[in-house]
Amino acid sequence: MKNDKSICKPKIFEDVFNEHSENLRNYMFYKCGDIDLAEDLVQESFVRLWNNCAKVAMSKAKSFLFTVASNLFLNDISHKKVVREHQKKEVKKYTYETPEFLLEEKEFMVKLQNAIDELSEKQREVFLLNRIDKKTYTEIAEMLGISVKAVEKRISAALKNLREKIEVL
């Protein structure tokens, strides 16, 4: 896409949506831990982009969307406490593992999820972007507007915190 195209044109706007909506949704999900809220924030961000399409240059659309979504999230957490939802795995009907092993595995997964929940927002978002969404450090740095070194430090701190929390438990 060239910078001289107007986001106010429906086809151009649709192209911007198709290009950025999934990454923005994942990014917001990692920040808030609630897929429904993440999707709402993405939708509201695109509504605001449409309402301001004449003011936003094509080259700034991605930055605008991520900034608006982050600000909307900050507004949301100032009004309520964000609670992470846990997805439950389907229990296997037949297994060759001992009940003790299954119990230990379940307990470990609970400990791991709790340890991830206790990470700072910055550590949690880079950790999940890297480990779940398989983003490279460079991609994460670009997405968050920080240096690759900052991403490395956050991942390192997150791993250190996770090791400490899981060993203590």
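Under the side chain to side chain contact (heavy atoms under 4.5 Å, CB included) rule, R154 has a single partner from I140, L129, N130, I146, which is I146. Checked against L65 for a side chain to side chain contact (heavy atoms under 4.5 Å, CB included), the options V56, V42, L24 give a single hit: L24.
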Steps toward side-chain contact (heavy atoms from CB on, under 4.5 Å) verdict (L119, L162): CA-CA 8 Å; L119 291 173; L162 290 174; 4.2 Å; yes

side-chain contact (heavy atoms from CB on, under 4.5 Å) assessment of I155 paired with R131: CA-CA 10 Å; I155 293 278; R131 303 299 181 176; 4.1 Å; yes

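Across every non-hydrogen atom of C8 and W50, the tightest pair is O-CH2, 3.1 Å.
Rounding to the nearest 0.5 angstrom, the gap separating the NZ atom in K111 from the CD atom in E104 is 9.0 Å. The OG1 atom of T67 sits 12.5 Å away from the CZ atom of R48 when rounded to the nearest 0.5 Å. Remark: M28 CE to E125 CD distance equals 9.0 Å, nearest 0.5 Å. One finds the CZ atom of F127 at 11.0 Å from the OH atom of Y30 (value rounded to the nearest 0.5 Å). With rounding to the nearest 0.5 angstrom, the OG atom of S45 is 11.0 Å from the CZ atom of F17. Taken to the nearest 0.5 Å, the NZ atom of K11 stands 9.5 Å off from the NZ atom of K5.
For the pair T98/L102, no side-chain contact is recorded, criterion being any heavy-atom separation below 4.5 Å from C-beta on. Contact annotation: the side chain of F46 approaches that of V16 to within less than 4.5 Å [non-hydrogen atoms, C-beta and beyond]. In this structure, the side chains of K135 and N26 stay at 4.5 Å or more apart for every pair of heavy atoms. Two residues are said to be in side-chain contact when any heavy atoms from C-beta on lie closer than 4.5 Å; V68 and L49 fail this criterion. Side-chain atoms of D133 and L128, non-hydrogen and from C-beta on, never get closer than 4.5 Å to each other.
Looking at N52, its side chain never comes within 3.5 Å of a backbone N or O of K55 through a donor-acceptor pair. Counting only distance, with no hydrogens or angles, the side chain of D34 and the backbone of D36 share a donor-acceptor pair below 3.5 Å.
The hydrophobic cluster containing L144 also contains V148, counting ILVMFWY residues as joined when their side-chain heavy atoms lie under 4.5 angstrom apart, directly or transitively. At a threshold of 4.5 Å between side-chain heavy atoms, the hydrophobic network of Ile, Leu, Val, Met, Phe, Trp and Tyr places I132 and L37 in one connected group. Both I116 and L159 are assigned to one and the same hydrophobic cluster, defined by single-linkage of ILVMFWY side chains at heavy-atom distances under 4.5 Å.
A salt bridge is defined here as a Lys NZ or Arg NE, NH1 or NH2 lying under 4.0 Å from an Asp or Glu carboxylate O, and R124 with E121 fails to meet this definition. We find that K62 and E142 are joined by a salt bridge, their nearest charged nitrogen and carboxylate oxygen being less than 4.0 Å apart.
A donor and an acceptor atom, one from each side chain of N161 and Q123, are located under 3.5 Å apart.
Shown here is Q43, whose CD atom has no more than 12 heavy atoms of other residues, nucleotides or ligands within 6.0 Å.
Annotation: salt bridge (charged side-chain N to carboxylate O under 4.0 Å, His left out) contacts of E107 (sequence neighbours excluded): none. Applying the side chain to side chain contact (heavy atoms under 4.5 Å, CB included) criterion to V110, with sequence neighbours excluded, gives N114. Residues passing the salt bridge (charged side-chain N to carboxylate O under 4.0 Å, His left out) test with R25, sequence neighbours excluded: none.
Below 30°, between 30° and 60°, or above 60°: for F66 and Y27 the angle between ring planes is between 30° and 60°, a tilted geometry.
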